[in-house]
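Here is the naming used below: chain letters follow the sequence lines, and residue numbers restart at 1 for every chain.
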Amino acid sequence: MLTLKYIRENTEEVIRRLAIKHFDGTVVISKIIELDDKRKAIQLQLDNNLAEQNRIAKEIGKLFAEGKASEANAAKAKSTELKEQSKILSQELKDVEDEQTKLLLQVPNLPHESVPQGVSASDNVVVRSGGTIPTLHDEALPHWDLATKYNIIDFELGVKITGSGFPVYRGKGAKLQRALINFFLDYNTAAGYEEIEPPHMVNEDSAYGTGQLPDKDGQMYHVTLDGFYMIPTAEVPVTNIYRDVILHSSMLPIKLTAYTPCFRREAGSYGKDVRGLNRLHQFDKVEIVQIQHPDRSYESLEEMVSHVEGLLQELELPYRIVKLCGGDMSFTSALTYDFEVFSAAQHKWLEVSSVSNFESFQANRMMLRFKEEGDKKAQLAHTLNGSSLALPRIVAALLENNQTPHGIKIPKALQPYCGFDKIDI
RNA sequence: GGAGAGAUGGCCGAGUGGUCUAAGGCGCACGCCUGGAGAGCGUGUAUACGCCAAAAGCGUAUCGAGGGUUCGAAUCCCUCUCUCUCCGCCA
């Protein structure tokens with residue numbers, strides 16, 4: 001959520017930058033400012049009314065103490081009248097505030113000045129790439145066939161137990177999952193991230209805090225009986241640790257990492273992109289989160305990008321890093337780098353990580369602030385997060401790219417975690 | 001799931017309708033004192049919104065959350081959430 005102060009002081013700029021995300025803010029922004037003027041006027045009147053009521057109430061106490069009952073009763077009548085007015089005013093104030101919040105929640109985050117123009121993924125800019133795309137042998141298979149051939153992932157069994165998009169990993173497949181999770185967590189903690197194991201369900205406040213609600217309502221599994229949401233990413237519970245918190249600037253940056261399963265309804269997804277591990281309802285992911293001083297959040301973003309890049313190099317996967325264009329960015333992000341690995345049997349790039357700076361957009365919703373030494377006033381912190389990494393597509397690429405006629409090779413870095421160097425029959 | 005007791009500032013804790021502008025203590029910050037430190041003394045110590053060009057200052061709201069009674073609520077009533085104790089169930 002953008003701050004009202006920023007919108008009021010930089011109206012033209014806000015509208016211009018929103019346009020890069022293909023969001024026409026002309027009407028909604030002026031409506032927000034109009035409502036804000038109205039809100040201030042109402043509040044001023046209401047505050048004055050309440051002040052008068054408070055004054056009279058005190059006076060009545062004094063009058064009764066002095067035994068002046070008739071004067072006290074006259075004051076009561078006056079106060080009752082004011083109370084009626086205040087009731088109407090506070091209802092008006094609430095209506096205006098609700099309307100204003102509703103509109104503010106519709107406005108996406110401003111893209112960073114460096115975000116490229118563009119409407120879709122094809123307009124994203126490749127920043128750099130690494131690794132080598134392998135040449136596969138003639139009988140090379142896509143990962144869903146490899147999974148069956150080596151009996152390491154059973155998609156059909158998942159359908160039986162739950163439904164599509166809930167695969168069952170077994171044997172070396174299951175062990176590979178565990179190895180990847182441990183490898184990622186170790187790599188992250190070695191870089192100074194504190195390991196967190198958060199709840200896998202969150203309440204409504206947390207879902208609002210990081211922006212899953214109201215924007216992505218319908219994409220999360222909702223446990224209606226208790227009002228909880230299954231987390232679509234560890235970002236939600238981990239970032240919300242700091243909801244309604246005022247930090248000291250010396251505590252920044254805060255660096256956290258967490259493994260969680262992620263649950264996504266993926267309503268509206270269909271077709272070839274959902275085959276095999278490409279798109280699931282439940283998948284494993286290790287996330288990194290940073291809470292940083294606004295002056296240094298872009299340094300942190302670059303650091304996180306290099307960090308994730310290091311992981312892909314360790315896994316010896318061919319990758320590229322793309323900077324998302326305005327049209328392909330998420331609602332809440334100010335700048336996003338996506339990481340893609342090349343899936344040699346599917347002949348396409350698969351997104352395995354998304355690293356973003358949200359600046360103060362989430363912090364404003366969450367009231368996540370910090371105080372500078374000597375400052376009286378708290379200011380909004382910046383939040384960042386990234387996948388480090390999401391497992392399914394990494395597994396897809398590992399299986400496909402490392403397949404040989406004699407089995408699937410496990411990259412060196414993973415071998416100590418797996419306890420084997422090859423998946424074969 | 002059942003019965004009971006609770007939720008007050010950064011922390012502890014007093015407060016059962018009007019001098020609550022929330023006592024007192026701890027912590028923290030600043031000042032005095034000191035060669036220095038400690039002790040002692042003094043001052044200050046939340047958040048949001050609004051008024052004001054801004055600062056200072058002032059106003060409003062906030063004693064778990066939301067509603068209600070009253071001229072007036074931390075205090076009385078209702079609903080909810082959470083915590084603790086006991087019982088039940090349980091990895």
Undergrad: Which value, in whole Å, describes the distance between the P atoms of nucleotides B/rG24 and B/rG42?
TA: 12 Å
Undergrad: Has the side chain of A/K172 got a donor or acceptor atom that lies under 3.5 Å from a matching backbone atom of A/C418?
TA: no
Undergrad: Rounded to whole angstrom, note down the P distance from B/rA54 over to B/rA73.
TA: 32 Å
Undergrad: Do any N or O atoms from the side chain of A/D186 and from the backbone of A/F183 form a donor-acceptor pair under 3.5 angstrom?
TA: no
Undergrad: Do we see a donor-acceptor contact under 3.5 Å between the side chains of A/Y298 and A/Q292?
TA: no
Undergrad: What is the distance from CD1 of A/I60 to P of B/rG72, rounded to the nearest Å?
TA: 8 Å
Undergrad: Just how far, in rounded Å, is P of B/rC71 from NZ of A/K87?
TA: 13 Å
Undergrad: Do you know which of A/L384, A/N385, A/T257 makes side chain to side chain contact (heavy atoms under 4.5 Å, CB included) with A/I288?
TA: A/T257
Undergrad: B/rA29 P sits how many Å from A/H248 NE2, rounded?
TA: 11 Å
Undergrad: For B/rC11, give its Watson-Crick or G-U wobble partner with both distances under 3.5 Å, or none.
TA: B/rG25
Undergrad: In whole angstrom, give me the gap between the C1' atoms of B/rG64 and B/rG6.
TA: 11 Å
Undergrad: With a 4.5 Å cut-off on side-chain heavy atoms, are A/H307 and A/K255 touching?
TA: no
Undergrad: Using both distances under 3.5 Å as the test, list the Watson-Crick or G-U wobble partner of B/rC71, or none.
TA: B/rG18
Undergrad: With a 3.5 angstrom cut-off on both distances, give the Watson-Crick or G-U wobble partner of B/rU47, or none if there isn't one.
TA: B/rA61
Undergrad: Who does B/rG38 pair with, Watson-Crick or G-U, both distances under 3.5 Å?
TA: none
Undergrad: Using atom P in both nucleotides, what's the gap between B/rC80 and B/rG25 to the nearest angstrom?
TA: 40 Å
Undergrad: First locate atom CD of A/Q282, then atom NE2 of A/H200, and finally report the distance between them rounded to the nearest 0.5 Å.
TA: 10.0 Å
Undergrad: For B/rA5, give its Watson-Crick or G-U wobble partner with both distances under 3.5 Å, or none.
TA: B/rU83
Undergrad: With a 4.0 Å cut-off on N to O distance, would you call A/R16 and A/E113 a salt bridge?
TA: yes
Undergrad: Without decimals, in angstroms, what is the distance between A/N49 CG and B/rG72 P?
TA: 13 Å
Undergrad: Please step through side chain to side chain donor-acceptor pair (under 3.5 Å) for the pair A/Q219 and A/Y229, ending with a clear verdict.
TA: CA-CA 10 Å; A/Q219 291 298 334; A/Y229 292 88; over 6 Å; no
Undergrad: Would you call A/K94 and A/E97 a salt bridge, taking side-chain N to carboxylate O under 4.0 Å as the test?
TA: no
Undergrad: Could you give the distance separating B/rU83 and B/rA65 at their C1' atoms, to the nearest angstrom?
TA: 15 Å
Undergrad: Do A/L4 and A/Q100 have side chains that approach each other closer than 4.5 Å (heavy atoms only, starting at C-beta)?
TA: yes
Undergrad: How does each nucleotide of nucleotides 73-82 of chain B score, in 5' to 3' order, for protein heavy atoms under 4.0 Å: base (B), sugar-phosphate only (S), or none (-)?
TA: ----------
Undergrad: Hey, which sits more toward the 5' end of RNA chain B by its nearest nucleotide, A/A57 or A/Q53?
TA: A/A57
Undergrad: Any side-chain heavy atom of A/T239 sitting closer than 4.5 Å to one from A/F358?
TA: no
Undergrad: When the C1' atoms of B/rC76 and B/rG15 are considered, how many whole Å apart are they?
TA: 16 Å
Undergrad: Quick one, give me the B/S/- string for nucleotides 43-61 of chain B, reading 5' to 3', where B means a protein heavy atom under 4.0 Å from the base and S means that only happens at the primed atoms, P, OP1 or OP2.
TA: ---SSSBSS-------BSS
Undergrad: Between B/rG59 and B/rG17, how far apart are the two C1' atoms, rounded to whole Å?
TA: 25 Å
Undergrad: Counting only heavy atoms not in A/R170, do more than 12 sit closer than 6.0 Å to its CZ atom?
TA: no
Undergrad: Does anything in residues 74-84 of chain A reach RNA chain B, meaning a heavy atom under 4.0 Å, and if so which residues?
TA: A/K76, A/S79, A/T80, A/K83
Undergrad: Determine the interatomic distance between C1' on B/rG31 and the same-named atom on B/rU69; round to the nearest Å.
TA: 49 Å
Undergrad: Please work out whether the ring planes of A/Y221 and A/F263 are parallel, tilted or perpendicular, with thresholds of 30° and 60°.
TA: perpendicular
